[in-house]
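This is the structure I have questions about; it appears just below.
Keep in mind it's a predicted model, so treat the numbers as computed, not measured.
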Amino acid sequence: MNGENLQSAWELLKEAYQYQVGGEYDMAVELYKRSLKLHPTAEAYTYLGWTYRFQGKIEEAIAECKKAIQIDPEFGNPYNDIGAYLIEKGEYDEALSWLERALQSRRYESYHFPHYNLGRAYIAKELYGKARHHFEQALKLSPDYTLAKDGLEKIRRKLQ
């Protein structure tokens with residue numbers, strides 16, 4: 001694969017992301033697919049999955065994340081995203097192992113996300129001590145992360 005294809009694939013990925021952020025999901029899907037055709041990357045598969053999730057296509061989102069993991073098993077985002085999608089489906093036990101793998105991945109900039117999602121899963125399982133631990137870890141990594149603060153507050157109210 002030549003460098004020109006890779007460069008073009010990244011340009012398409014960035015453009016797709018802008019459409020995704022703007023809520024134009026069909027256009028984002030089209031551009032992510034064009035990026036993947038030029039040069040498959042873990043990022044493009046992960047973000048395509050994220051776009052599918054916004055469209056309510058959870059199974060497709062999970063499938064794209066698994067493709068991302070095949071390309072780069074060290075990229076943390078798809079593990080976290082699969083865990084989050086499984087939480088949405090109410091499959092808390094299944095989500096835990098994916099989220100733990102996100103925490104173990106070497107290439108990841110946002111470890112507070114899997115901690116937060118582990119907190120969500122443990123709240124759902126009524127394991128409040130474990131949930132609190134993970135919300136606190138998320139806040140250590142990202143002190144302004146409002147969702148983790150909200151999670152701790154939810155536990156506090158449940159335990160009153």
>> In this structure, would I69 and I87 fall into the same cluster of hydrophobic residues linked by side-chain contacts under 4.5 Å?
In response: no
> Do K67 and L36 touch side chain to side chain, with heavy atoms closer than 4.5 Å?
Replying inline: no
>> For H115, run the side-chain hydrogen bond (donor to acceptor under 3.5 Å, both in side chains) check against Q137, E136, K140, H134 and tell me which one passes.
In response: H134
> Would Y122 and Y128 count as a close aromatic pair, with their ring centres under 6.0 Å?
Replying inline: no
>> Regarding Q7 and E11, do their side chains bring together a donor and an acceptor under 3.5 Å, going by distance alone?
In response: yes
>> Between Y52 and I62, does the side chain to side chain contact (heavy atoms under 4.5 Å, CB included) criterion hold? Intermediate values first, please.
In response: CA-CA 9 Å; Y52 283 149; I62 291 171; over 6 Å; no
>> Checking L96 against K125 for the side chain to side chain contact (heavy atoms under 4.5 Å, CB included) test, could you report, in this order, the C-alpha distance in whole Å, the side-chain angles of both residues, the deciding distance, and whether it holds?
In response: CA-CA 11 Å; L96 296 176; K125 291 169 61 67; 4.1 Å; yes
> Yes or no on salt bridge (charged side-chain N to carboxylate O under 4.0 Å, His left out) for E43 and R107, after CA distance, side-chain angles and deciding distance?
Replying inline: CA-CA 11 Å; E43 289 83 357; R107 195 164 77 83; 2.8 Å; yes
> What distance separates I123 CD1 from R132 CZ, expressed to the nearest 0.5 Å?
Replying inline: 10.0 Å
> Between G83 and W98, which heavy-atom pair has the shortest distance, and what is it?
Replying inline: N-CB, 3.9 Å
> To the nearest 0.5 Å, how far apart are CD in E91 and CD1 in I58?
Replying inline: 10.5 Å
>> For a quick check under 3.5 Å, do T51 and Q20 share a side-chain donor-acceptor pair by atom type?
In response: yes
>> I need the minimum non-hydrogen distance between A84 and L99, along with the two atoms involved.
In response: N-CD2, 4.3 Å
>> Between Y45 and C65, is there a side-chain heavy-atom distance shorter than 4.5 Å?
In response: no
> Which is it for E59 and Y85 under the side-chain hydrogen bond (donor to acceptor under 3.5 Å, both in side chains) test, yes or no, and what are the steps along the way?
Replying inline: CA-CA 9 Å; E59 294 306 322; Y85 304 150; over 6 Å; no
>> Counting C-beta onward and ignoring hydrogens, is there a side-chain heavy-atom pair between V29 and E60 closer than 4.5 Å?
In response: no
> So, does Y79 use its side chain to make a donor-acceptor pair with the main chain of P73 at under 3.5 Å?
Replying inline: yes
> Are I82 and E94 side-chain neighbours, meaning at least one heavy-atom pair lies under 4.5 Å?
Replying inline: no
> Just how far is it from atom NE2 of H133 to atom CG of L127, taken to the nearest 0.5 Å?
Replying inline: 13.0 Å
> Are side-chain heavy atoms of R101 and N80 found at a separation under 4.5 Å?
Replying inline: no
> Would you say S142's side chain and L139's backbone share a donor-acceptor pair under 3.5 angstrom?
Replying inline: no
> For the side chain of E74 and the backbone of R106, is there at least one donor-acceptor N/O pair under 3.5 Å apart?
Replying inline: yes
> Hey, any chance F54 and L147 share a hydrophobic cluster, counting ILVMFWY side chains that come within less than 4.5 Å of each other, even indirectly?
Replying inline: no
> Hey, does the side chain of Y111 reach the backbone of S105 with a donor-acceptor pair shorter than 3.5 angstrom?
Replying inline: yes
>> In the structure I gave you, are the side-chain heavy atoms of T41 and I71 within less than 4.5 Å of one another anywhere?
In response: no
>> Minimum heavy-atom separation for S35 and A9, please, with both atom names.
In response: OG-O, 2.8 Å
> Is it true that E153 and R156 make a salt bridge, defined as a side-chain N closer than 4.0 Å to a carboxylate O?
Replying inline: yes
>> Does L86 form a side chain to side chain contact (heavy atoms under 4.5 Å, CB included) with D93? I'd like the steps, not just the answer.
In response: CA-CA 9 Å; L86 291 170; D93 291 327; over 6 Å; no
> What heavy-atom pair brings P114 and L103 nearest, and what distance separates the two atoms?
Replying inline: CG-CD2, 3.6 Å
>> For the OH atom of Y116 and the NZ atom of K149, what is their distance to the nearest 0.5 Å?
In response: 13.5 Å
> Hey, what do you get for CG (D81) to NZ (K66), rounding to the nearest 0.5 Å?
Replying inline: 13.5 Å
> Of all heavy-atom pairs between A28 and A16, which one has the smallest distance, and what is that distance?
Replying inline: CB-O, 3.5 Å
> Can you check whether Y108 and F75 have ring centres sitting under 6.0 Å from each other?
Replying inline: no
>> Once rounded to the nearest 0.5 Å, what's the spacing between atom CG of N77 and atom OG1 of T46?
In response: 6.0 Å
>> I'd like to know whether the aromatic ring centres of F113 and Y145 sit less than 6.0 Å apart in this structure.
In response: yes
>> Other residues, nucleotides and ligands only: do more than 12 of their heavy atoms fall within 6.0 Å of NZ on K33?
In response: no
> Any idea which heavy atoms bring E64 and L48 closest together, and the distance?
Replying inline: OE1-CD2, 3.5 Å
> Looking at W50, does the NZ or CZ of R53 lie under 6.0 angstrom from its six-membered ring centre and within 45 degrees of the ring axis?
Replying inline: no
